[in-house]
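Notes follow the structure.
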Amino acid sequence: MTQSTTLTLRPARFGMLSAITSDKGAFFGLIVLGIFVFAAIFAPLIAPFGPNEADPMLRLGAPGTAGHWLGLDHQGRDILSRLIWGSRLTLATGIIPVAVGALIALPIGLLAAWYDRAGGWILRGMDVLFAFPMALLAIMVAAFLGSGVGNMMISLVIVLLPYNVRVVYQAAVEQKSLPYVEALRVVGTPVRTILFVELLPNVASAAIVYATTIVGSMVITAAGLSFLGLGVQPPGAEWGIMVAEGRSVIFIAPHVAAIPGLCLSLLVIACSLLGDGVRDALDPRIRASFGA
Amino acid sequence: MSTPLLQARGLQKSFATGDGGLFGQGRHRHMAVDGIDLAIEPGTTLGCVGESGSGKSTLGRMLVGLIEPDEGSVTFDGQDVAKVAGKERAALRRNMQVVFQDPLLSLNPRRTIGQNIQRPLRNYGVGGSEAEDRMARLMKMCGLDPAQAARYPHEISGGQCQRVAIARALALEPRFVFLDEPVSALDVSVQAQILNLLLDLQAELGLTYFFVTHDLKLIEFMSQQVIVMLKGSVVERGTSAEIWQSPKHAYTQNLLRSVLRLGSTPDWARFAASETSSVIP
(Lines give C-alpha, C1' and ligand atoms only; values in the text may rest on other atoms or scores of the structure.)
Protein backbone atom coordinates (compact mmCIF):
# COMPACT_ATOMS: atom_id res chain seq x y z
CA MET A 1 0.00 0.00 0.00
CA THR A 2 2.92 2.37 -0.56
CA GLN A 3 0.94 4.06 -3.32
CA SER A 4 -1.80 5.37 -1.05
CA THR A 5 0.76 6.53 1.49
CA THR A 6 2.49 8.74 -1.03
CA LEU A 7 -0.89 10.11 -2.06
CA THR A 8 -1.80 11.19 1.47
CA LEU A 9 1.62 12.72 1.99
CA ARG A 10 1.08 15.06 -0.90
CA PRO A 11 1.03 18.75 0.05
CA ALA A 12 -2.34 20.43 0.31
CA ARG A 13 -1.67 22.63 -2.68
CA PHE A 14 -2.56 20.41 -5.61
CA GLY A 15 -0.49 20.25 -8.71
CA MET A 16 -2.15 19.87 -12.08
CA LEU A 17 -1.28 16.19 -12.43
CA SER A 18 -2.54 15.17 -9.01
CA ALA A 19 -5.75 17.10 -9.64
CA ILE A 20 -6.26 15.04 -12.78
CA THR A 21 -5.38 11.70 -11.21
CA SER A 22 -7.83 12.33 -8.39
CA ASP A 23 -10.60 12.78 -10.98
CA LYS A 24 -11.68 9.28 -12.08
CA GLY A 25 -12.94 10.24 -15.53
CA ALA A 26 -9.91 12.34 -16.37
CA PHE A 27 -7.62 9.60 -15.09
CA PHE A 28 -9.34 7.08 -17.37
CA GLY A 29 -8.95 9.47 -20.29
CA LEU A 30 -5.29 9.96 -19.48
CA ILE A 31 -4.67 6.19 -19.35
CA VAL A 32 -6.47 5.52 -22.66
CA LEU A 33 -4.71 8.38 -24.38
CA GLY A 34 -1.43 7.22 -22.86
CA ILE A 35 -1.91 3.73 -24.33
CA PHE A 36 -2.64 5.18 -27.78
CA VAL A 37 0.34 7.50 -27.64
CA PHE A 38 2.54 4.64 -26.45
CA ALA A 39 1.32 2.51 -29.37
CA ALA A 40 1.98 5.35 -31.80
CA ILE A 41 5.53 5.92 -30.58
CA PHE A 42 6.58 2.29 -30.32
CA ALA A 43 4.61 0.95 -33.29
CA PRO A 44 7.61 -0.72 -35.00
CA LEU A 45 8.45 -2.57 -31.78
CA ILE A 46 5.01 -3.76 -30.70
CA ALA A 47 3.11 -4.30 -33.97
CA PRO A 48 3.23 -8.00 -34.87
CA PHE A 49 3.11 -7.25 -38.62
CA GLY A 50 3.86 -4.36 -40.94
CA PRO A 51 0.90 -2.10 -41.76
CA ASN A 52 0.64 -3.44 -45.29
CA GLU A 53 1.78 -7.03 -44.83
CA ALA A 54 -1.03 -9.12 -46.25
CA ASP A 55 -1.91 -12.78 -46.01
CA PRO A 56 -4.56 -13.12 -48.74
CA MET A 57 -5.36 -16.66 -47.69
CA LEU A 58 -6.81 -15.40 -44.39
CA ARG A 59 -8.82 -12.49 -45.89
CA LEU A 60 -11.63 -11.25 -43.59
CA GLY A 61 -10.49 -13.64 -40.87
CA ALA A 62 -12.51 -13.16 -37.70
CA PRO A 63 -10.93 -11.99 -34.44
CA GLY A 64 -9.18 -14.89 -32.80
CA THR A 65 -7.66 -16.29 -36.01
CA ALA A 66 -4.35 -17.87 -35.06
CA GLY A 67 -1.66 -15.18 -34.94
CA HIS A 68 -4.15 -12.40 -35.67
CA TRP A 69 -5.97 -11.51 -32.42
CA LEU A 70 -8.25 -8.92 -33.93
CA GLY A 71 -8.73 -10.62 -37.29
CA LEU A 72 -7.82 -9.52 -40.79
CA ASP A 73 -9.30 -7.08 -43.27
CA HIS A 74 -10.51 -7.53 -46.84
CA GLN A 75 -6.95 -7.63 -48.17
CA GLY A 76 -5.71 -10.00 -45.49
CA ARG A 77 -3.87 -7.35 -43.45
CA ASP A 78 -3.63 -7.82 -39.68
CA ILE A 79 -6.09 -5.41 -38.05
CA LEU A 80 -4.19 -5.11 -34.76
CA SER A 81 -1.03 -4.14 -36.59
CA ARG A 82 -2.86 -1.62 -38.73
CA LEU A 83 -4.49 -0.15 -35.61
CA ILE A 84 -1.10 0.25 -33.95
CA TRP A 85 0.52 1.77 -37.03
CA GLY A 86 -2.62 3.80 -37.73
CA SER A 87 -2.60 5.39 -34.27
CA ARG A 88 0.27 7.58 -35.48
CA LEU A 89 -1.66 9.31 -38.23
CA THR A 90 -4.93 9.23 -36.32
CA LEU A 91 -3.51 10.98 -33.30
CA ALA A 92 -1.62 13.40 -35.50
CA THR A 93 -4.65 14.37 -37.60
CA GLY A 94 -7.00 14.47 -34.62
CA ILE A 95 -4.90 16.29 -32.07
CA ILE A 96 -2.28 18.42 -33.85
CA PRO A 97 -4.72 20.59 -35.86
CA VAL A 98 -6.91 21.06 -32.78
CA ALA A 99 -3.96 22.03 -30.58
CA VAL A 100 -2.40 24.31 -33.18
CA GLY A 101 -5.79 25.83 -33.97
CA ALA A 102 -6.43 26.62 -30.30
CA LEU A 103 -2.97 28.14 -29.90
CA ILE A 104 -3.49 30.42 -32.91
CA ALA A 105 -7.01 31.32 -31.83
CA LEU A 106 -6.03 32.41 -28.31
CA PRO A 107 -4.18 35.60 -29.27
CA ILE A 108 -6.62 36.39 -32.08
CA GLY A 109 -9.66 35.98 -29.85
CA LEU A 110 -8.09 37.97 -27.00
CA LEU A 111 -7.12 40.85 -29.27
CA ALA A 112 -10.53 40.83 -30.94
CA ALA A 113 -12.20 41.05 -27.54
CA TRP A 114 -9.93 43.85 -26.31
CA TYR A 115 -9.87 46.12 -29.35
CA ASP A 116 -13.46 46.69 -30.44
CA ARG A 117 -12.73 48.01 -33.91
CA ALA A 118 -10.11 45.44 -34.89
CA GLY A 119 -12.30 42.82 -33.23
CA GLY A 120 -15.16 43.70 -35.54
CA TRP A 121 -13.00 43.13 -38.60
CA ILE A 122 -11.57 39.90 -37.24
CA LEU A 123 -15.02 38.54 -36.46
CA ARG A 124 -16.38 39.51 -39.88
CA GLY A 125 -13.45 37.67 -41.42
CA MET A 126 -14.32 34.63 -39.36
CA ASP A 127 -17.94 34.91 -40.47
CA VAL A 128 -16.77 34.53 -44.06
CA LEU A 129 -15.17 31.22 -43.08
CA PHE A 130 -18.33 30.28 -41.17
CA ALA A 131 -20.36 30.70 -44.33
CA PHE A 132 -18.95 27.46 -45.71
CA PRO A 133 -19.92 24.08 -44.29
CA MET A 134 -16.99 22.65 -42.36
CA ALA A 135 -16.43 19.65 -44.62
CA LEU A 136 -16.77 21.69 -47.81
CA LEU A 137 -14.25 24.27 -46.63
CA ALA A 138 -11.85 21.51 -45.62
CA ILE A 139 -12.16 19.95 -49.07
CA MET A 140 -11.66 23.33 -50.79
CA VAL A 141 -8.55 24.18 -48.80
CA ALA A 142 -7.12 20.68 -49.02
CA ALA A 143 -7.73 20.56 -52.75
CA PHE A 144 -6.13 23.97 -53.17
CA LEU A 145 -3.04 22.98 -51.17
CA GLY A 146 -2.78 19.54 -52.76
CA SER A 147 -3.08 16.14 -51.18
CA GLY A 148 -0.86 15.00 -48.36
CA VAL A 149 -1.06 14.65 -44.62
CA GLY A 150 0.65 17.98 -43.86
CA ASN A 151 -1.66 19.92 -46.16
CA MET A 152 -4.66 18.16 -44.69
CA MET A 153 -3.65 19.29 -41.21
CA ILE A 154 -3.23 22.87 -42.43
CA SER A 155 -6.69 22.74 -43.94
CA LEU A 156 -8.13 21.44 -40.67
CA VAL A 157 -6.50 24.27 -38.72
CA ILE A 158 -8.07 26.80 -41.10
CA VAL A 159 -11.46 25.11 -40.90
CA LEU A 160 -11.34 25.16 -37.11
CA LEU A 161 -10.10 28.72 -36.80
CA PRO A 162 -13.48 30.50 -36.78
CA TYR A 163 -14.88 28.11 -34.17
CA ASN A 164 -11.84 28.42 -31.94
CA VAL A 165 -11.70 32.20 -32.27
CA ARG A 166 -15.41 32.47 -31.42
CA VAL A 167 -14.96 30.42 -28.27
CA VAL A 168 -11.94 32.43 -27.11
CA TYR A 169 -13.59 35.73 -28.05
CA GLN A 170 -16.75 34.90 -26.13
CA ALA A 171 -14.84 33.91 -23.02
CA ALA A 172 -12.58 36.95 -23.27
CA VAL A 173 -15.47 39.40 -23.69
CA GLU A 174 -17.10 37.90 -20.62
CA GLN A 175 -13.89 38.29 -18.60
CA LYS A 176 -13.20 41.77 -19.93
CA SER A 177 -16.43 43.10 -18.45
CA LEU A 178 -15.51 41.93 -14.94
CA PRO A 179 -14.32 44.60 -12.51
CA TYR A 180 -10.94 42.96 -11.95
CA VAL A 181 -9.91 43.94 -15.47
CA GLU A 182 -10.71 47.57 -14.69
CA ALA A 183 -8.75 47.15 -11.45
CA LEU A 184 -5.77 45.87 -13.46
CA ARG A 185 -5.93 48.94 -15.68
CA VAL A 186 -6.02 51.29 -12.71
CA VAL A 187 -2.81 49.85 -11.27
CA GLY A 188 -1.05 50.52 -14.56
CA THR A 189 -0.98 47.02 -16.05
CA PRO A 190 0.14 47.10 -19.70
CA VAL A 191 -2.41 45.71 -22.16
CA ARG A 192 -0.17 42.82 -23.17
CA THR A 193 0.15 41.77 -19.52
CA ILE A 194 -3.60 42.01 -18.98
CA LEU A 195 -4.30 39.89 -22.05
CA PHE A 196 -1.51 37.34 -22.04
CA VAL A 197 -0.71 37.00 -18.35
CA GLU A 198 -3.86 37.80 -16.39
CA LEU A 199 -6.70 36.93 -18.77
CA LEU A 200 -5.10 34.04 -20.66
CA PRO A 201 -5.57 31.33 -18.01
CA ASN A 202 -9.18 32.43 -17.44
CA VAL A 203 -9.90 32.16 -21.16
CA ALA A 204 -7.75 29.13 -21.94
CA SER A 205 -9.99 26.74 -20.05
CA ALA A 206 -12.87 27.45 -22.41
CA ALA A 207 -10.60 26.90 -25.41
CA ILE A 208 -9.22 23.66 -23.95
CA VAL A 209 -12.63 22.22 -23.20
CA TYR A 210 -13.87 23.14 -26.65
CA ALA A 211 -10.77 21.69 -28.28
CA THR A 212 -11.25 18.35 -26.56
CA THR A 213 -14.82 18.10 -27.75
CA ILE A 214 -13.85 18.57 -31.38
CA VAL A 215 -10.98 16.08 -31.50
CA GLY A 216 -13.55 13.47 -32.48
CA SER A 217 -15.09 15.43 -35.31
CA MET A 218 -11.61 16.33 -36.55
CA VAL A 219 -10.64 12.68 -36.78
CA ILE A 220 -13.85 12.07 -38.71
CA THR A 221 -13.33 15.03 -41.03
CA ALA A 222 -9.75 13.90 -41.59
CA ALA A 223 -11.03 10.43 -42.41
CA GLY A 224 -13.49 11.98 -44.84
CA LEU A 225 -10.72 13.91 -46.57
CA SER A 226 -8.66 10.75 -46.76
CA PHE A 227 -11.64 8.93 -48.22
CA LEU A 228 -11.78 11.56 -50.96
CA GLY A 229 -8.10 11.09 -51.64
CA LEU A 230 -7.07 14.45 -50.16
CA GLY A 231 -5.49 13.29 -46.91
CA VAL A 232 -3.86 10.03 -46.00
CA GLN A 233 -3.35 8.02 -49.17
CA PRO A 234 -4.25 4.34 -49.21
CA PRO A 235 -2.65 1.96 -48.38
CA GLY A 236 -1.62 4.22 -45.48
CA ALA A 237 -2.96 3.10 -42.15
CA GLU A 238 -5.32 5.47 -40.35
CA TRP A 239 -8.38 4.54 -38.28
CA GLY A 240 -10.77 6.65 -40.31
CA ILE A 241 -9.57 5.03 -43.52
CA MET A 242 -9.86 1.62 -41.91
CA VAL A 243 -13.50 2.32 -41.04
CA ALA A 244 -14.14 3.59 -44.55
CA GLU A 245 -12.52 0.53 -46.10
CA GLY A 246 -14.42 -1.81 -43.80
CA ARG A 247 -17.69 -0.22 -44.91
CA SER A 248 -17.82 -2.33 -48.08
CA VAL A 249 -17.67 -5.60 -46.14
CA ILE A 250 -19.72 -4.54 -43.14
CA PHE A 251 -22.37 -7.25 -43.62
CA ILE A 252 -19.89 -10.07 -44.22
CA ALA A 253 -17.21 -9.13 -41.71
CA PRO A 254 -18.44 -6.38 -39.38
CA HIS A 255 -15.29 -6.46 -37.25
CA VAL A 256 -13.23 -4.86 -40.02
CA ALA A 257 -15.06 -1.53 -39.53
CA ALA A 258 -16.21 -2.02 -35.94
CA ILE A 259 -12.80 -2.45 -34.28
CA PRO A 260 -11.20 0.75 -35.60
CA GLY A 261 -14.54 2.49 -35.05
CA LEU A 262 -14.45 1.42 -31.42
CA CYS A 263 -10.93 2.75 -31.08
CA LEU A 264 -12.01 6.07 -32.58
CA SER A 265 -14.87 6.30 -30.08
CA LEU A 266 -12.52 5.49 -27.22
CA LEU A 267 -10.14 8.20 -28.39
CA VAL A 268 -12.91 10.78 -28.56
CA ILE A 269 -14.28 9.85 -25.13
CA ALA A 270 -10.80 9.86 -23.60
CA CYS A 271 -10.04 13.32 -24.99
CA SER A 272 -13.28 14.76 -23.72
CA LEU A 273 -12.90 13.26 -20.21
CA LEU A 274 -9.33 14.46 -20.01
CA GLY A 275 -10.42 17.89 -21.23
CA ASP A 276 -12.98 18.18 -18.43
CA GLY A 277 -10.30 17.21 -15.94
CA VAL A 278 -7.86 19.76 -17.30
CA ARG A 279 -10.49 22.47 -17.11
CA ASP A 280 -11.22 21.64 -13.48
CA ALA A 281 -7.51 21.48 -12.67
CA LEU A 282 -7.04 24.93 -14.23
CA ASP A 283 -9.77 26.44 -12.10
CA PRO A 284 -8.77 26.93 -8.46
CA ARG A 285 -12.41 27.33 -7.46
CA ILE A 286 -13.25 23.82 -8.64
CA ARG A 287 -9.88 22.42 -7.62
CA ALA A 288 -10.74 23.33 -4.04
CA SER A 289 -13.70 20.94 -4.15
CA PHE A 290 -11.35 17.99 -4.57
CA GLY A 291 -10.72 18.39 -0.87
CA ALA A 292 -7.37 20.14 -0.96
CA MET B 1 -7.82 77.25 2.43
CA SER B 2 -4.99 75.19 0.99
CA THR B 3 -4.68 74.33 -2.68
CA PRO B 4 -6.77 71.36 -3.70
CA LEU B 5 -5.03 68.10 -4.59
CA LEU B 6 -7.59 67.23 -7.20
CA GLN B 7 -9.71 69.58 -9.19
CA ALA B 8 -12.28 69.03 -11.91
CA ARG B 9 -13.76 71.69 -14.17
CA GLY B 10 -16.83 71.28 -16.32
CA LEU B 11 -16.64 67.48 -16.52
CA GLN B 12 -19.09 66.03 -19.00
CA LYS B 13 -19.70 62.54 -20.26
CA SER B 14 -22.50 61.00 -22.27
CA PHE B 15 -23.10 57.46 -23.48
CA ALA B 16 -24.96 56.29 -26.55
CA THR B 17 -27.99 54.19 -25.72
CA GLY B 18 -29.64 51.78 -28.12
CA ASP B 19 -28.05 50.81 -31.41
CA GLY B 20 -30.13 53.37 -33.22
CA GLY B 21 -31.36 51.19 -36.08
CA LEU B 22 -29.97 51.24 -39.60
CA PHE B 23 -29.87 55.01 -40.04
CA GLY B 24 -29.26 55.97 -36.44
CA GLN B 25 -32.76 57.36 -36.13
CA GLY B 26 -33.36 55.74 -32.72
CA ARG B 27 -30.05 56.73 -31.16
CA HIS B 28 -30.08 58.70 -27.95
CA ARG B 29 -27.29 60.08 -25.86
CA HIS B 30 -27.63 59.69 -22.17
CA MET B 31 -25.92 62.43 -20.17
CA ALA B 32 -24.21 60.51 -17.38
CA VAL B 33 -22.30 63.48 -16.02
CA ASP B 34 -23.34 66.97 -17.03
CA GLY B 35 -20.86 69.71 -16.26
CA ILE B 36 -19.48 69.09 -12.80
CA ASP B 37 -16.86 71.17 -10.97
CA LEU B 38 -15.24 69.96 -7.81
CA ALA B 39 -12.12 70.33 -5.71
CA ILE B 40 -10.74 68.04 -3.03
CA GLU B 41 -8.30 69.30 -0.38
CA PRO B 42 -5.34 67.07 0.41
CA GLY B 43 -5.96 64.65 3.26
CA THR B 44 -9.72 65.11 3.18
CA THR B 45 -12.64 63.15 1.84
CA LEU B 46 -15.22 64.41 -0.60
CA GLY B 47 -18.36 62.34 -0.23
CA CYS B 48 -20.66 61.90 -3.19
CA VAL B 49 -24.16 60.64 -2.68
CA GLY B 50 -26.94 59.94 -5.12
CA GLU B 51 -29.22 57.18 -6.32
CA SER B 52 -28.15 54.47 -8.81
CA GLY B 53 -27.67 55.92 -12.25
CA SER B 54 -27.01 59.44 -11.03
CA GLY B 55 -23.51 59.37 -12.54
CA LYS B 56 -21.47 59.06 -9.35
CA SER B 57 -19.33 56.18 -10.56
CA THR B 58 -18.83 57.74 -13.98
CA LEU B 59 -17.63 60.90 -12.29
CA GLY B 60 -15.17 58.96 -10.14
CA ARG B 61 -13.91 56.98 -13.12
CA MET B 62 -13.19 60.22 -14.95
CA LEU B 63 -11.30 61.58 -11.95
CA VAL B 64 -8.90 58.61 -11.95
CA GLY B 65 -8.68 58.43 -15.74
CA LEU B 66 -10.51 55.16 -16.36
CA ILE B 67 -12.85 57.08 -18.65
CA GLU B 68 -11.94 60.06 -20.81
CA PRO B 69 -14.33 62.98 -20.28
CA ASP B 70 -16.12 64.40 -23.34
CA GLU B 71 -15.60 67.91 -21.99
CA GLY B 72 -13.80 69.48 -19.09
CA SER B 73 -10.53 68.82 -17.37
CA VAL B 74 -9.07 67.09 -14.33
CA THR B 75 -6.15 68.71 -12.56
CA PHE B 76 -4.05 66.68 -10.15
CA ASP B 77 -1.53 68.49 -7.97
CA GLY B 78 -1.56 71.42 -10.38
CA GLN B 79 -1.09 69.34 -13.54
CA ASP B 80 -3.78 68.89 -16.18
CA VAL B 81 -4.04 65.10 -16.47
CA ALA B 82 -5.07 65.22 -20.13
CA LYS B 83 -2.01 67.30 -21.06
CA VAL B 84 0.71 65.01 -19.77
CA ALA B 85 1.68 61.94 -21.77
CA GLY B 86 3.92 58.91 -21.66
CA LYS B 87 6.03 58.32 -18.56
CA GLU B 88 4.80 61.40 -16.73
CA ARG B 89 1.24 60.28 -17.22
CA ALA B 90 2.03 56.86 -15.76
CA ALA B 91 3.70 58.57 -12.81
CA LEU B 92 0.62 60.72 -12.33
CA ARG B 93 -1.75 57.79 -12.68
CA ARG B 94 -0.09 55.74 -9.98
CA ASN B 95 -1.07 58.45 -7.53
CA MET B 96 -4.73 57.82 -8.26
CA GLN B 97 -6.14 54.46 -7.28
CA VAL B 98 -9.55 52.85 -6.92
CA VAL B 99 -11.28 50.53 -4.48
CA PHE B 100 -14.20 48.92 -6.27
CA GLN B 101 -17.66 47.97 -5.14
CA ASP B 102 -17.57 44.19 -5.48
CA PRO B 103 -14.52 42.92 -3.60
CA LEU B 104 -14.61 39.37 -4.99
CA LEU B 105 -15.06 40.38 -8.63
CA SER B 106 -12.38 43.04 -8.46
CA LEU B 107 -9.70 40.40 -7.82
CA ASN B 108 -8.46 38.00 -10.49
CA PRO B 109 -10.02 34.66 -9.46
CA ARG B 110 -7.18 32.61 -10.96
CA ARG B 111 -4.49 34.42 -9.03
CA THR B 112 -3.68 34.14 -5.35
CA ILE B 113 -4.23 37.05 -3.03
CA GLY B 114 -0.48 37.62 -2.98
CA GLN B 115 -0.27 37.70 -6.76
CA ASN B 116 -3.19 40.13 -6.89
CA ILE B 117 -1.47 42.49 -4.45
CA GLN B 118 1.90 42.20 -6.18
CA ARG B 119 0.53 42.98 -9.65
CA PRO B 120 0.81 46.79 -9.30
CA LEU B 121 4.35 46.45 -7.91
CA ARG B 122 5.42 44.25 -10.82
CA ASN B 123 3.89 46.73 -13.26
CA TYR B 124 6.34 49.28 -11.93
CA GLY B 125 9.35 47.00 -11.99
CA VAL B 126 9.35 45.84 -8.37
CA GLY B 127 9.77 42.08 -8.21
CA GLY B 128 11.29 39.20 -6.29
CA SER B 129 11.80 39.44 -2.55
CA GLU B 130 11.21 43.18 -2.48
CA ALA B 131 7.71 42.69 -3.85
CA GLU B 132 7.14 39.91 -1.29
CA ASP B 133 8.26 42.16 1.56
CA ARG B 134 6.10 45.05 0.46
CA MET B 135 3.14 42.73 -0.02
CA ALA B 136 3.55 41.42 3.53
CA ARG B 137 3.74 44.98 4.88
CA LEU B 138 0.63 46.02 2.91
CA MET B 139 -1.28 42.99 4.13
CA LYS B 140 -0.42 43.72 7.76
CA MET B 141 -1.33 47.37 7.28
CA CYS B 142 -4.77 46.31 6.01
CA GLY B 143 -5.36 43.83 8.81
CA LEU B 144 -4.53 40.67 6.87
CA ASP B 145 -2.24 37.83 7.85
CA PRO B 146 0.59 37.58 5.29
CA ALA B 147 0.35 33.80 5.68
CA GLN B 148 -2.89 34.03 3.70
CA ALA B 149 -1.08 35.25 0.60
CA ALA B 150 -1.18 31.81 -1.04
CA ARG B 151 -4.96 31.58 -0.83
CA TYR B 152 -7.38 32.37 -3.61
CA PRO B 153 -10.00 35.14 -3.42
CA HIS B 154 -12.91 32.67 -3.26
CA GLU B 155 -11.39 31.07 -0.18
CA ILE B 156 -11.65 34.18 2.01
CA SER B 157 -14.59 36.33 3.12
CA GLY B 158 -15.93 39.39 1.34
CA GLY B 159 -14.54 41.70 4.02
CA GLN B 160 -11.10 40.14 3.66
CA CYS B 161 -11.33 40.44 -0.13
CA GLN B 162 -12.01 44.14 0.29
CA ARG B 163 -8.94 44.41 2.53
CA VAL B 164 -6.95 42.73 -0.25
CA ALA B 165 -8.36 45.20 -2.76
CA ILE B 166 -7.39 48.08 -0.47
CA ALA B 167 -3.90 46.66 -0.05
CA ARG B 168 -3.58 46.44 -3.83
CA ALA B 169 -4.81 50.01 -4.26
CA LEU B 170 -2.22 51.24 -1.75
CA ALA B 171 0.66 49.21 -3.21
CA LEU B 172 1.74 52.09 -5.44
CA GLU B 173 1.60 54.57 -2.54
CA PRO B 174 -1.08 56.76 -4.11
CA ARG B 175 -2.11 60.11 -2.75
CA PHE B 176 -5.68 59.92 -4.00
CA VAL B 177 -8.09 56.98 -3.78
CA PHE B 178 -11.51 56.76 -5.38
CA LEU B 179 -13.73 54.64 -3.13
CA ASP B 180 -16.53 53.35 -5.37
CA GLU B 181 -19.17 52.16 -2.89
CA PRO B 182 -16.51 50.17 -1.06
CA VAL B 183 -18.85 48.63 1.50
CA SER B 184 -22.19 48.30 -0.28
CA ALA B 185 -21.55 44.63 -1.14
CA LEU B 186 -20.59 43.76 2.42
CA ASP B 187 -22.46 42.67 5.53
CA VAL B 188 -23.41 45.54 7.79
CA SER B 189 -21.24 44.13 10.58
CA VAL B 190 -18.23 44.18 8.27
CA GLN B 191 -18.99 47.61 6.78
CA ALA B 192 -17.92 49.47 9.91
CA GLN B 193 -14.62 47.54 10.06
CA ILE B 194 -13.74 48.42 6.48
CA LEU B 195 -14.74 52.07 6.88
CA ASN B 196 -12.67 52.34 10.04
CA LEU B 197 -9.71 50.76 8.25
CA LEU B 198 -10.07 53.36 5.49
CA LEU B 199 -10.20 56.20 8.02
CA ASP B 200 -7.14 54.85 9.87
CA LEU B 201 -5.21 54.57 6.61
CA GLN B 202 -6.21 58.08 5.67
CA ALA B 203 -4.91 59.44 8.96
CA GLU B 204 -1.72 57.41 8.76
CA LEU B 205 -0.83 58.02 5.11
CA GLY B 206 -2.48 61.40 4.55
CA LEU B 207 -4.69 59.99 1.80
CA THR B 208 -7.29 61.99 -0.09
CA TYR B 209 -10.55 60.20 -0.81
CA PHE B 210 -13.43 60.58 -3.22
CA PHE B 211 -16.06 58.46 -1.52
CA VAL B 212 -19.08 57.45 -3.54
CA THR B 213 -22.12 55.86 -1.96
CA HIS B 214 -25.85 55.66 -2.32
CA ASP B 215 -26.07 55.26 1.42
CA LEU B 216 -26.41 58.66 3.09
CA LYS B 217 -25.75 57.20 6.53
CA LEU B 218 -22.11 56.56 5.62
CA ILE B 219 -21.41 60.03 4.27
CA GLU B 220 -21.05 61.97 7.49
CA PHE B 221 -18.96 59.22 9.02
CA MET B 222 -16.48 59.36 6.16
CA SER B 223 -16.36 62.81 4.65
CA GLN B 224 -15.79 66.48 5.34
CA GLN B 225 -17.31 67.84 2.12
CA VAL B 226 -20.32 66.39 0.35
CA ILE B 227 -21.87 66.66 -3.08
CA VAL B 228 -25.35 65.37 -3.80
CA MET B 229 -25.87 64.15 -7.36
CA LEU B 230 -29.06 63.76 -9.33
CA LYS B 231 -29.22 62.83 -13.02
CA GLY B 232 -25.62 63.75 -13.71
CA SER B 233 -25.60 67.11 -11.97
CA VAL B 234 -24.65 68.32 -8.52
CA VAL B 235 -27.85 69.53 -6.87
CA GLU B 236 -26.29 70.46 -3.56
CA ARG B 237 -22.87 70.80 -2.02
CA GLY B 238 -21.47 71.76 1.35
CA THR B 239 -19.81 70.43 4.44
CA SER B 240 -21.36 67.25 5.66
CA ALA B 241 -22.70 69.03 8.77
CA GLU B 242 -24.49 71.58 6.54
CA ILE B 243 -26.04 68.83 4.43
CA TRP B 244 -27.21 66.94 7.50
CA GLN B 245 -28.57 69.88 9.40
CA SER B 246 -30.05 72.08 6.73
CA PRO B 247 -30.49 70.40 3.38
CA LYS B 248 -31.55 73.03 0.83
CA HIS B 249 -32.58 70.97 -2.17
CA ALA B 250 -35.80 68.98 -2.10
CA TYR B 251 -33.97 65.90 -3.37
CA THR B 252 -31.50 65.99 -0.48
CA GLN B 253 -34.37 66.41 1.94
CA ASN B 254 -36.02 63.35 0.46
CA LEU B 255 -32.81 61.37 0.73
CA LEU B 256 -32.44 62.38 4.35
CA ARG B 257 -36.03 61.56 5.12
CA SER B 258 -35.44 58.08 3.78
CA VAL B 259 -32.65 57.60 6.29
CA LEU B 260 -34.13 58.96 9.48
CA ARG B 261 -36.76 61.39 10.71
CA LEU B 262 -36.00 64.97 9.88
CA GLY B 263 -34.78 67.05 12.76
CA SER B 264 -32.76 64.41 14.55
CA THR B 265 -29.02 64.54 14.12
CA PRO B 266 -27.21 61.37 13.17
CA ASP B 267 -25.88 59.49 16.14
CA TRP B 268 -23.25 57.08 15.00
CA ALA B 269 -23.09 55.09 18.18
CA ARG B 270 -26.81 54.58 18.02
CA PHE B 271 -26.67 53.80 14.30
CA ALA B 272 -24.00 51.18 14.85
CA ALA B 273 -25.95 49.71 17.75
CA SER B 274 -29.19 49.54 15.79
CA GLU B 275 -27.44 47.98 12.82
CA THR B 276 -25.75 45.40 14.99
CA SER B 277 -28.96 44.52 16.75
CA SER B 278 -30.66 44.06 13.41
CA VAL B 279 -27.97 41.60 12.44
CA ILE B 280 -27.91 39.67 15.68
CA PRO B 281 -31.50 39.04 16.73
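Of the two parts of A:Ser177, neither the backbone nor the side chain holds a non-hydrogen atom closer than 4.5 Å to a non-hydrogen atom of chain B. B:Tyr124 touches chain A through its side chain: at least one heavy atom from C-beta onward sits under 4.5 Å away, while N, CA, C and O do not. Heavy atoms closer than 4.5 Å to chain A are found in both the backbone and the side chain of B:Leu105. Heavy atoms closer than 4.5 Å to chain B are found in the side chain of A:Thr193, but not in its backbone. With a 4.5 angstrom heavy-atom cutoff, B:Arg122 does not touch chain A via any of its atoms.
Taking each heavy atom of A:Ala183 and B:Ser106 in turn, the nearest pair found is CB-O, 3.7 Å. Closest approach of A:Val186 and B:Gln97 over heavy atoms only: CG1-OE1, 3.0 Å. A:Tyr180 and B:Pro109 get closest at one heavy-atom pair: CE2-CD, 3.8 Å.
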For B:Arg111 and A:Val197, what are the C-alpha separation, side-chain angles and deciding distance, and is it a side-chain contact (heavy atoms from CB on, under 4.5 Å)? CA-CA 10 Å; B:Arg111 299 270 177 238; A:Val197 178; 3.9 Å; yes

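Of all the listed residues (B:Asn108, B:Asn116, B:Asp102), the one sharing the greatest number of non-hydrogen pairs under 4.5 Å with chain A is B:Asn108. Listed options B:Leu172, B:Leu104, B:Leu66, B:Val99 were ranked by heavy-atom pairs under 4.5 angstrom with chain A; first place goes to B:Leu66.
Remark: the backbone N or O of A:Val187 is paired with a side-chain donor or acceptor of B:Asn123 at under 3.5 angstrom.
Within the model, atoms CZ of B:Arg119 and CD1 of A:Ile194 stand 9.0 Å from one another, a figure rounded to the nearest 0.5 Å. Note that CD of B:Gln115 is 8.0 Å distant from CD of A:Glu198, once rounded to the nearest 0.5 Å. Taking CZ from B:Arg168 and CG from A:Leu184, the interatomic distance works out to 6.5 Å, rounded to the nearest 0.5 Å.
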